[in-house]
There are 2 protein chains.
Amino acid sequence: MAGMSHPSDARSAGSESGWLRTVADEVRSFDRSSTAERVAELLRHRVIEGDLPPGTRLSEEQLVEVLHVSRNTLREAFRLLTHEGLLVHHLHRGVFVPELDEDDLVDLYRVRRTIECDVVRRLEGLDAARMRPLHDDVAAGEDAARRGDWVAVGTANMRFHQHLVALAGSRRLDETAARLLAELRLAFHTVATPQRLHEPYVSRNRGLLDLLAAGEWERAAKELEDYLHDSEAELLSAHRDRSRSTP
Amino acid sequence: MAGMSHPSDARSAGSESGWLRTVADEVRSFDRSSTAERVAELLRHRVIEGDLPPGTRLSEEQLVEVLHVSRNTLREAFRLLTHEGLLVHHLHRGVFVPELDEDDLVDLYRVRRTIECDVVRRLEGLDAARMRPLHDDVAAGEDAARRGDWVAVGTANMRFHQHLVALAGSRRLDETAARLLAELRLAFHTVATPQRLHEPYVSRNRGLLDLLAAGEWERAAKELEDYLHDSEAELLSAHRDRSRSTP
DNA sequence: CTTGAGGGATTGTTGAACAACTCTCTACGT
DNA sequence: ACGTAGAGAGTTGTTCAACAATCCCTCAAG
């Protein structure tokens, strides 16, 4: 997300070979990050990993002290994360790790169904090489499940869906999906039953992948639709359980 | 876009009547805007209206002088618009009005088809009241076409599609659609044939609306798919014409 | 024609200062 | 007891000025 290339960049290198293009991108992502972006990257991980529970306020004063950056730079990092949905900003009150409510969860899954199912339904002429990341993610999920590492299962699952959307080859769909999945991760951290939430989808991911490999895109889309409905129901249920215990 | 409400806001006002909720939102959007947001609003209009042609660099020095705000505040406004896709930021070079290339146009329409068609396809039990904005937009478009005001036709068309997506009742789909349409507007300004670009869709919007009113959602989705394909082809063709004249 | 070294202009970042606002707690009045 | 009005502390919003880092252009040397 930080190293998004730009339209005019693409054009300016358009006449050169793909070889140079790749090098250019590497150089760009190497040193081409502002202080604010590095701070954002740091906080992004903290939030996504669940170190900062939803509802937490991020104090400018404290973070300036700890990170050794100026308030202005820190605030710029806040803005970046706010627009990714990983922080929310209340005027004159500060930035907080968002607390998603049930409406948000329903909304997130609504958009996921729209995007992911459509991507699958429109697939055509997919060669095996482009499915490689999906295979790796499914394998990683199965491996983590055997170890009982449900957090890792959740991570592999997120990556699977991100790579699924990437099959469409659309920059904007990728960005949207990244944001949705990051927000969803926030919700996963608020519930205390990672196994119940992730275990069923290890095998369903495998099933989905088989359908894709077989070129059964319409059936895959239908299965994905049900899959996401089930996942939504599970998450909502878990969320309600937690809400009842902490009113 | 500026007055987006927040999850926790919604929850805290959840038990009150809709009456109070509305008033609260008005108050919030009245004075609850930072200087940066007001600056962003100003620049947003300039960009959307086409006053600043794509490729233009927005100088911090000049704008600080003209707008009477500090550089920090201006930079915050830049950040806001950057994340809406209306400006792009090149490190150590400044912010620019984006120049969309053909890949961008294809990508934009790809996402539009995904979202808009899916919204239409999933509609159900739509009462007439919620279609009111669509009626108004189509009428406004027909009116502007009679006057030969093709810019206004384009505006009405954008609003029609925004309201179409709004039927889904999803905050995140609304935001995504808003960003896509804003970017698309950028592309419209680069081509010099607004009539050819917008005229055909005045009547097609009317046709689409009729299908929706009749509850023919599947047929409407199919028509919208073709509609967007045609619009994309038209825009690409116009874009190529212009590129040939200004290499 | 390519390469590399100035130099001017612009952006990136910092730190401090003050204004504006929220939150909390206390005191007052009903 | 209840609600409210206000003061005070603490935090964020905004501005300003300065310096560091980087880009772009020019021009000279190979």
As a test of understanding, state which of B/Asp103, B/Asp101, B/Asp104 forms a salt bridge (Lys or Arg N to Asp or Glu O under 4.0 Å) with A/Arg171.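 Testing A/Arg171 for a salt bridge (Lys or Arg N to Asp or Glu O under 4.0 Å) against B/Asp103, B/Asp101, B/Asp104 leaves exactly one candidate, B/Asp104.
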Rounded to the Å, how far apart are [X] [atom1] and [N] [atom2]?
{"X": "A/His92", "N": "C/dC21", "atom1": "NE2", "atom2": "C1'", "result": "5 Å"}
{"X": "B/Phe96", "N": "C/dT11", "atom1": "CZ", "atom2": "P", "result": "9 Å"}
{"X": "A/Glu37", "N": "D/dA21", "atom1": "CD", "atom2": "P", "result": "18 Å"}
{"X": "B/Glu61", "N": "C/dG12", "atom1": "CD", "atom2": "C1'", "result": "15 Å"}
{"X": "B/Glu60", "N": "C/dG12", "atom1": "CD", "atom2": "P", "result": "6 Å"}

Using only side-chain N and O atoms of [X], determine if any of them is under 4.0 Å from OP1 or OP2 of [N].
{"X": "B/His90", "N": "D/dC24", "value": "no"}
{"X": "B/Arg93", "N": "C/dT10", "value": "no"}
{"X": "A/His89", "N": "D/dG13", "value": "yes"}

Kindly check if the number of other-residue, nucleotide or ligand heavy atoms within 6.0 Å of CZ (A/Arg132) is above 12?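 Check fails, neighbour count at 12 or below.
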DNA chain C contacts among residues 70-79 of chain B, heavy-atom distance under 4.0 Å: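 Those residues are B/Arg71, B/Arg75.
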Where the side chain of A/Thr35 is defined as all heavy atoms beyond and including C-beta, which of D/dG13, C/dT14, D/dT11 is the nearest nucleotide?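 Nearest to the side chain of A/Thr35 among the choices is C/dT14.
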Would the A/Phe78 and A/His89 ring centres measure less than 6.0 Å apart?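 For A/Phe78 and A/His89, the ring centres are not under 6.0 Å apart.
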